[in-house]
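Both counts, for ligands and for their atoms, begin at 1 and track the order of listing. What you see is a predicted model, and the numbers here were worked out from it, not measured in a lab.
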Amino acid sequence: MAARPKGASAPTKPHATGKTKPGDTSERVGVVELEKRGVNVKDLVEKLIDAAGAEFTTYYYYTILRMYLAGHEDYKEICEDARLEDRAHFELITPRIYELGGSIPRDIRDFADRAGCPDAYLPNPPTAAAILTVLLEAERCAIRTWSEICDLTIGKDFRTYDMASRILQEETEHEAWFIELLSKERDNKIVPSGHFRRGTPGDAPYSKNRGFYNP
Ligand SMILES: [Fe+2]
Ligand SMILES: [Fe+2]
């Protein structure tokens, strides 16, 4: 870089100030910049709370579903990965809600009620095929949810997009796993998902920034 000629005034720092007054804690530049780029932050926060609610309730319901996969150790293990990864999704996205000025509901009942996906209830009778169908449809709801968040944030809210896209990648894997298992269990059909086991249960390589299975 060429040296500044003697006597020349210092270049201005274009980002030193902006709309938010110095020291003002009532406004977040991290939000102002999103609004400048066309993000409706209020709406986004509401969608993130619904999405976080779905991750949290799914974590709960998958606990029951995993228990009732009794006798199918392979299904149990994969259900456990999906269960723990949903908890990782809740943990990843919840701080973002607060950064954007939002909050999860004070009452867990409100949180469960507004979850963006249906309750993943234990089917009756709790056959493996019926449980795998519930798991598959829960993953599909999650893919739709996180795809929408990606659409709303791509090229505008880089941080939420990064988180949502990591979650979406795991949800996409989860759908493929349950298609493989349900096809075999219900239809005796072979539909490979490309899956091999996580290193440890619920490894969450994308949402926890862990290594991928790539031997
Ligand atoms: Fe999830
Ligand atoms: Fe999932």
Side-chain angles (χ1 to χ4, degrees), residues 44-69 72 74-97 104-105 108 111-123 128 130-153 159-183 185 191-210 212-213:
L44 176 63
V45 166
E46 295 306 310
K47 283 181 192 291
L48 290 177
I49 297 170
D50 296 348
E55 296 294 341
F56 193 83
T57 50
T58 305
Y59 168 66
Y60 175 82
Y61 286 117
Y62 278 26
T63 309
I64 303 170
L65 299 179
R66 194 206 70 199
M67 299 295 177
Y68 277 82
L69 286 168
H72 298 273
D74 42 359
Y75 297 173
K76 265 199 229 170
E77 181 173 326
I78 291 167
C79 183
E80 179 68 352
D81 286 329
R83 182 180 85 97
L84 295 177
E85 291 184 7
D86 275 354
R87 194 184 69 186
H89 300 164
F90 167 77
E91 295 288 355
L92 181 66
I93 207 64
T94 297
R96 185 65 182 141
I97 292 168
I104 56 173
I108 193 171
F111 195 40
D113 283 344
R114 66 174 289 178
C117 289
D119 296 312
Y121 286 132
L122 180 69
I131 292 174
L132 291 168
T133 306
V134 172
L135 290 164
L136 175 61
E137 291 309 315
E139 300 302 341
R140 288 175 164 169
C141 184
I143 291 176
R144 293 182 195 109
T145 300
W146 293 110
S147 296
E148 184 190 19
I149 303 288
C150 285
D151 280 344
L152 292 171
T153 54
R159 183 160 165 76
T160 306
Y161 176 80
D162 179 60
M163 293 172 171
S165 123
R166 287 162 183 264
I167 296 172
L168 177 59
Q169 297 197 45
E170 283 167 0
E171 306 298 13
T172 306
E173 290 185 328
H174 298 172
E175 183 196 31
W177 300 348
F178 293 123
I179 286 176
E180 174 180 313
L181 299 182
L182 180 60
S183 301
E185 176 67 27
V191 184
S193 62
H195 169 266
F196 191 61
R197 65 194 296 269
R198 293 291 198 224
T200 51
D203 233 2
Y206 296 89
S207 54
K208 287 189 181 173
N209 219 21
R210 295 253 170 91
F212 306 116
Y213 179 70

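With sequence neighbours excluded, the residues that form a ring-ring contact (aromatic ring centres under 6.0 Å, His included) with Tyr61 are Tyr121. Among residues two or more places apart in sequence or in another chain, the ring-ring contact (aromatic ring centres under 6.0 Å, His included) test is passed with Phe178 by none. Not counting sequence neighbours, Tyr68 has no partner by the ring-ring contact (aromatic ring centres under 6.0 Å, His included) test.
In this pair, His195 and Trp177 present their aromatic rings perpendicular. The plane angle is above 60°, beyond the 30 to 60° band.
Distances shorter than 2.8 Å separate the Fe ion (ligand 2) from the protein N/O/S atoms Glu139 OE1, Glu171 OE1, His174 ND1.
The minimum distance between the Fe ion (ligand 1) and any N, O or S atom of Glu55 involves atom OE1.
Counting only heavy atoms from C-beta outward, the side chains of Glu137 and Cys117 never approach each other to under 4.5 Å.
Close placement of the Phe111 and Phe56 rings is indicated, their centers lying within 6.0 Å of each other.
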